Amino acid sequence: MRIDILTVLPEMIEGMIHCSIVKRAQNKGLVEIHLHNLRDYTTNKWRRVDDYPFGGEAGMVMQIEPIERAISSLKEQRAYDEVIYTSPDGETFSQPMANGMSLLTNMIILCGHYKGVDYRIREHLITKEISIGDYVLTGGELAAAVMTDAIVRLIPGAIGDEQSALSDSFQDNLLAPPVYTRPADYKGWKVPDILLSGHARNIAEWRLQQAQERTARLRPDLLE
Ligand code: ADE
């Protein structure tokens, strides 16, 4: 898989791509992540990427030219499955979307900023618009980072124990059951006996019951 992220603030994403599982997945050759500074695609000497909106609203709008040049240059080099735009008015990101996107070969993620991008970019170049939740961020960089993390960890081989991605919260529409580690008794706070019993089938049954009980209590909407 290859992910190309177009942004005016690559430094906001730089840190996370060099950490943890996302870093390991790159080192293993499972994914390439490339950050592109949209200012490198400007043709004006101030490297400006935004301008005032037609019609005189407050705020600035990202211009077509640097974005179109960046996307065209990438598309000349390879085919892309999706050109994604991060925006609060996109489809809400979810685990099923992450699962689907983990199967893609190449994707571009364009991070929105200011008042957004010139709408013609969305009409002509974007194939999918994604929001990470009903709140407004200062830009799409954190959204791109969240999606990249959620997608990359699902690529087979990214997580050491393959089972562990499958038992995450939201896979199967269930929250994950509680987990515990040593010591079995911390100042009287005890781990449930069943987990110390060594009965694999009973433990699996207990985990499923816990997952169902927690989902019904905390996220009943997932069971509908
Ligand atoms: N840009 C600003 N807010 C956002 C959000 N909630 N999701 C995705 N991109 C955004």
Side-chain angles (χ1 to χ4, degrees), residues 1-19 22 31-44 46-98 100-102 104-153:
M1 175 187 292
R2 178 180 165 121
I3 304 177
D4 289 278
I5 303 178
L6 311 182
T7 166
V8 287
L9 287 172
E11 59 273 26
M12 249 179 115
I13 307 171
E14 189 75 50
M16 69 77 61
I17 68 172
H18 295 120
C19 292
V22 175
V31 61
E32 279 181 38
I33 303 173
H34 297 269
L35 300 177
H36 306 271
N37 191 333
L38 283 169
R39 292 188 200 282
D40 294 341
Y41 295 86
T42 52
T43 49
N44 64 84
W46 306 276
R47 289 163 53 88
R48 271 189 72 165
V49 293
D50 61 335
D51 207 337
Y52 294 97
F54 282 124
E57 241 213 276
M60 304 296 276
V61 175
M62 287 171 80
Q63 291 173 286
I64 295 183
E65 195 193 13
I67 296 172
E68 193 276 328
R69 291 181 72 217
I71 292 176
S72 293
S73 139
L74 289 170
K75 281 182 172 173
E76 272 164 25
Q77 297 166 61
R78 68 195 64 77
Y80 284 89
D81 305 300
E82 296 279 13
V83 182
I84 295 154
Y85 175 56
T86 59
S87 164
D89 50 16
E91 185 183 347
T92 307
F93 192 59
S94 63
Q95 192 64 39
M97 278 165 85
M101 289 165 78
S102 74
L104 300 181
T105 306
N106 300 315
M107 76 184 92
I108 293 173
I109 304 179
L110 168 64
C111 302
H113 243 270
Y114 315 109
K115 272 267 158 213
V117 298
D118 187 307
Y119 203 75
R120 288 167 289 181
I121 289 286
R122 296 167 70 169
E123 288 172 326
H124 297 286
L125 295 176
I126 298 300
T127 60
K128 204 187 223 6
E129 303 190 338
I130 300 181
S131 161
I132 58 161
D134 286 343
Y135 38 80
V136 179
L137 304 165
T138 51
E141 285 71 19
L142 292 176
V146 164
M147 293 192 293
T148 299
D149 187 289
I151 293 164
V152 168
R153 64 189 293 287

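Since we're looking at a predicted model, the values are computed, not measured.
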Legend entry - pair D149-R153: side-chain heavy atoms closer than 4.5 Å: yes

Legend entry - Pairwise side-chain contact, E65 with V49, heavy-atom cut-off 4.5 Å (strictly under): no

Inset, instruction - Rounded to the nearest 0.5 Å, what's the gap from CE on M1 to CD on E32? Could you check? - result: 12.0 Å

Inset, instruction - Could you tell me whether the side chain of T148 reaches within less than 4.5 Å of the side chain of V31, counting heavy atoms only? - result: no

Inset, instruction - Compare all side-chain heavy atoms of I3 with those of M147 and state whether any distance is below 4.5 angstrom. - result: no

Legend entry - Spatial distance of atom CE (M97) from atom OG (S102) [nearest 0.5 Å]: 12.5 Å

Inset, instruction - Side-chain contact test, heavy atoms from C-beta onward, threshold under 4.5 Å: evaluate it for R2 versus Y80 and give yes or no. - result: yes

Legend entry - From CG (D4) to NE2 (H36), nearest 0.5 Å: 3.5 Å

Legend entry - side chain to side chain contact (heavy atoms under 4.5 Å, CB included) between M101 and I130, intermediate numbers included: CA-CA 12 Å; M101 289 165 78; I130 300 181; 4.0 Å; yes

Legend entry - T92 side chain vs S131 backbone, donor-acceptor pair below 3.5 Å: no

Legend entry - For the student: nearest non-hydrogen atoms of C111 and T86, plus distance: CA-OG1, 3.4 Å

Inset, instruction - Work out which heavy atom in V61 is nearest to a heavy atom in V117; give both atom names and the distance. - result: CG1-C, 3.8 Å

Inset, instruction - Give, for atom CD1 of I13 and atom CG of L142, the distance between the pair rounded to the nearest 0.5 Å. - result: 8.0 Å

Legend entry - Minimum-distance pair of heavy atoms, taken over all atoms of D81 and T105: OD2-N, 2.7 Å

Legend entry - Polar side-chain atom of S72 near backbone of R69 as donor-acceptor pair, under 3.5 Å: no

Legend entry - Heavy-atom side-chain proximity of L110 to L38 below 4.5 angstrom: yes

Legend entry - Pairwise side-chain contact, D89 with R122, heavy-atom cut-off 4.5 Å (strictly under): yes

Inset, instruction - Please round to the nearest 0.5 Å and tell me the distance separating atom CD1 of I71 and atom CD1 of I126. - result: 5.0 Å

Inset, instruction - Return yes when atom CZ of R48 has more than 12 non-hydrogen atoms of other residues, nucleotides or ligands closer than 6.0 Å, and no otherwise. - result: yes

Inset, instruction - With rounding to the nearest 0.5 Å, note down the distance linking OH in Y52 to NZ in K115. - result: 14.5 Å

Legend entry - Side-chain donor-acceptor contact under 3.5 Å, N44 with T42: no

Inset, instruction - Determine the minimum heavy-atom distance between G112 and Y85, stating which atoms define it. - result: CA-CE1, 3.6 Å

Legend entry - Closest non-hydrogen atom pair, R120 against D118: NH2-OD2, 2.7 Å

Legend entry - Within-4.5 Å side-chain heavy-atom neighbours: Q77 and N106: no

Inset, instruction - Could you go through the side chain to side chain donor-acceptor pair (under 3.5 Å) check for E141 and T7 one step at a time? - result: CA-CA 7 Å; E141 285 71 19; T7 166; 2.6 Å; yes

Legend entry - Pair L74-L6, side chain to side chain contact (heavy atoms under 4.5 Å, CB included): steps then yes or no: CA-CA 10 Å; L74 289 170; L6 311 182; 3.9 Å; yes

Legend entry - Considering all heavy atoms, the nearest M62-H113 contact: SD-N, 3.3 Å

